Number of protein chains: 2
Amino acid sequence: MNKALHSNQAHFISLLARLSRLINHEGHAVGLKPAQWDALRYLAQANKFSRSPSALTAYLGATKGTISQTLMSLEKKGLVEKTQDPNDKRSVGLDLTTAGKALAKEDALRPFANVIEVLPVEDQKDIEEALEKLLRAKLRSEGNRPFGICKSCRHFRKNTPSGEPHYCSLLNEPLSELGSEKICLEQEAA
Amino acid sequence: MNKALHSNQAHFISLLARLSRLINHEGHAVGLKPAQWDALRYLAQANKFSRSPSALTAYLGATKGTISQTLMSLEKKGLVEKTQDPNDKRSVGLDLTTAGKALAKEDALRPFANVIEVLPVEDQKDIEEALEKLLRAKLRSEGNRPFGICKSCRHFRKNTPSGEPHYCSLLNEPLSELGSEKICLEQEAA
DNA sequence: TAAAAATGTATCGAGTCGATACTATTATCG
DNA sequence: CGATAATAGTATCGACTCGATACATTTTTA
């Protein structure tokens with residue numbers, strides 16, 4: 001039943017598709033491709049535990065093979081460095097180089113974000129909340145990890161006497177003030 | 001000045017990018033690629049004057065070459081038919097075949113749209129309005145045509161005695177009731 | 001300890017996409 | 001009127017995406 005699109009849905013789909021296209025199009029700037037920007041952006045925001053090919057794969061919802069290729073091209077451009085994990089010889093750690101960090105700051109999507117800033121502040125808030133709601137609803141419907149910020153995780157322990165100010169009770173690792181602001185693969189709402 | 005991203009902007013960009021990625025990902029369903037779905041969707045909604053490669057090029061913001069290829073593959077799949085314009089031998093008209101129309105009804109983005117429907121009706125409205133605002137702001141900032149619906153155009157003349165119920169004063173063409181609901185390249189707000 | 005699971009890489013084929021060059025046809029304007 | 005410019009499309013190149021499949025190495029688990 002209800003096989004046909006009712007008109008509200010058609011309009012909504014149009015909006016989604018056009019918006020996505022505009023965003024994607026913007027991502028072709030400055031010598032990188034949209035998927036490469038996605039990876040760069042993630043690596044700039046993710047904490048140490050989450051900077052691996054497999055975490056990136058989960059975050060971007062792609063396949064391992066695709067991510068492997070994207071990372072290879074970023075490495076060839078001198079934006080990303082790989083390091084072997086000494087504990088697990090299968091695993092690879094990812095870090096942005098200085099050039100990579102610099103480029104991440106000049107995000108290709110900034111022109112798009114700038115468009116918002118000329119709108120009334122109230123609209124800005126509305127739009128941001130709406131996007132957030134939509135994103136979370138979709139992630140939830142697919143059973144995906146939210147990839148939230150460390151600080152807001154149920155495994156986050158504040159002000160521990162472990163050398164570093166905070167602590168992760170899942171990975172049993174100390175956390176710096178800065179690290180606790182980053183995106184984590186393991187994040188679960190508190 | 002303000003070369004660095006302030007944190008609100010970074011969060012906003014993250015949202016945009018992730019959302020776009022999810023939408024794009026959804027578009028890989030059922031044997032078509034996202035760009036092919038974009039073309040199919042447009043052709044299903046555009047009026048006769050706007051079903052040409054060049055109009056599609058403007059709508060999707062791509063280059064002529066890319067669109068030409070996308071259309072070739074849709075033609076090869078039996079979803080689109082081309083017809084020579086008798087008045088202008090350079091121009092090509094595009095029509096969905098029966099199969100094309102059927103496929104357009106099963107839009108790849110429906111699962112995404114369905115996610116909305118479980119949200120409170122109020123949220124649905126908020127999200128739709130927010131998306132619309134964002135889209136229009138971006139189109140405006142790039143000086144793009146809005147590609148709105150015929151009926152809401154300043155060239156739309158209602159209830160004319162021209163055989164068909166309505167009329168376009170720009171193209172000097174009669175319009176059917178159904179045609180006046182479609183997307184038009186030439187649309188300008190009334 | 002053998003089988004299963006996890007982490008990555010390699011490769012294929014279809015497609016995207018910007019760029020450039022090219023062919024026809026139609027408009028413009030001197 | 002006729003040269004030149006603008007329009008509408010196609011053809012081709014190179015880098016990249018992306019799903020799929022196959023494969024090689026480690027861990028894990030049973």
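No hydrogens, no waters, no symmetry mates; every other heavy atom, side chains included, goes into these values. Chain A is the first sequence line, chain B the second, and so forth, proteins listed ahead of strands; every chain is numbered from 1. Source: prediction; values computed, not measured.
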- request: Under 4.0 Å between any heavy atoms, over every strand shown, what does B:S52 touch: base, sugar-phosphate, or nothing? Just pick one.
  value: sugar-phosphate

message: In this structure, how many angstroms lie between the C1' atom of C:dG15 and the CG atom of B:L71, rounded?
response: 14 Å

message: With a 3.5 Å distance limit and no angle check, can you tell me whether B:S50 reaches the backbone of B:A55 through a side-chain donor-acceptor pair?
response: no

- line: Here the distance between atom C1' of D:dT10 and atom CE of B:M72, to the nearest Å, is 8 Å

- prompt: Which angle, to the nearest 10 degrees, lies between the helix axes at the two ends of the helix from C:dT1-D:dA30 to C:dG30-D:dC1, each defined by five pairs?
  reply: 20°

Distances under 3.5 Å only, N/O to N/O: pair up the protein atoms with those of nucleotides 24-26 of chain C.
from	atom 1	to	atom 2	distance (Å)
C:dT25	O2	B:R90	NH1	3.4
C:dT26	OP1	B:K89	N	2.8

query: Rounding to a whole Å, what distance do you find between B:Y59:OH and D:dA8:P?
result: 19 Å

query: So, is A:S91 close to the D:dT26 phosphate, meaning a side-chain N or O under 4.0 Å from OP1 or OP2?
result: no

- request: Output the distance between atom CG (A:L103) and atom CG (A:L79), rounded to the nearest 0.5 Å.
  value: 6.0 Å

statement: Checking C:dG8, D:dT10, C:dT9 against the side chain of A:S68 (C-beta onward), the nearest is C:dT9

task: Could you tell me whether the side chain of B:E128 and the main chain of A:F12 form a donor-acceptor pair under 3.5 Å?
output: no

Contact list (N/O, under 3.5 angstrom) for nucleotides 15-18 of chain D vs protein:
from	atom 1	to	atom 2	distance (Å)
D:dC16	OP1	A:K77	NZ	3.2

message: Quick one: does any side-chain atom of B:R51 pair with a main-chain N or O of B:L94 as donor and acceptor, under 3.5 Å?
response: yes

field: Separation of atom CG in A:L74 from atom P in C:dT9, rounded to whole Å
entry: 13 Å

- prompt: How many Å lie between CD1 on A:I67 and P on C:dT11, as a whole number?
  reply: 19 Å

message: With a 3.5 Å distance limit and no angle check, can you tell me whether A:Q124 reaches the backbone of A:L119 through a side-chain donor-acceptor pair?
response: yes

Interatomic distance where CD belongs to B:E75 and C1' belongs to D:dA11 [whole Å]: 15 Å

field: Residues which pass side chain to side chain contact (heavy atoms under 4.5 Å, CB included) with B:A102, listed by chain and number, not counting sequence neighbours
entry: none

- request: Let me know the distance between CG of A:L32 and P of C:dT16, rounded to the nearest Å.
  value: 22 Å

field: Close side-chain approach of B:L96 to B:V80, heavy-atom, < 4.5 Å
entry: yes

Note, A:N24 side chain near B:I23 side chain (heavy atom, < 4.5 Å): no

Show the atom names and distances, to 0.1 Å, of all donor-acceptor pairs under 3.5 Å that link a side chain in residues 67-75 of chain B to residues at least two apart or in another chain.
from	atom 1	to	atom 2	distance (Å)
B:T70	OG1	B:T66	O	3.2
B:S73	OG	B:Q36	NE2	3.0
B:S73	OG	B:T70	O	2.9

statement: Of A:G65 and B:K64, the one whose closest nucleotide on DNA chain D sits nearer the 5' end is B:K64

message: Run the side-chain hydrogen bond (donor to acceptor under 3.5 Å, both in side chains) test against B:R41 and tell me which residues pass, sequence neighbours left out.
response: B:D38, B:D107

Approximate separation, where rounding is to 0.5 Å, of B:K182 NZ and B:F49 CZ: 12.0 Å

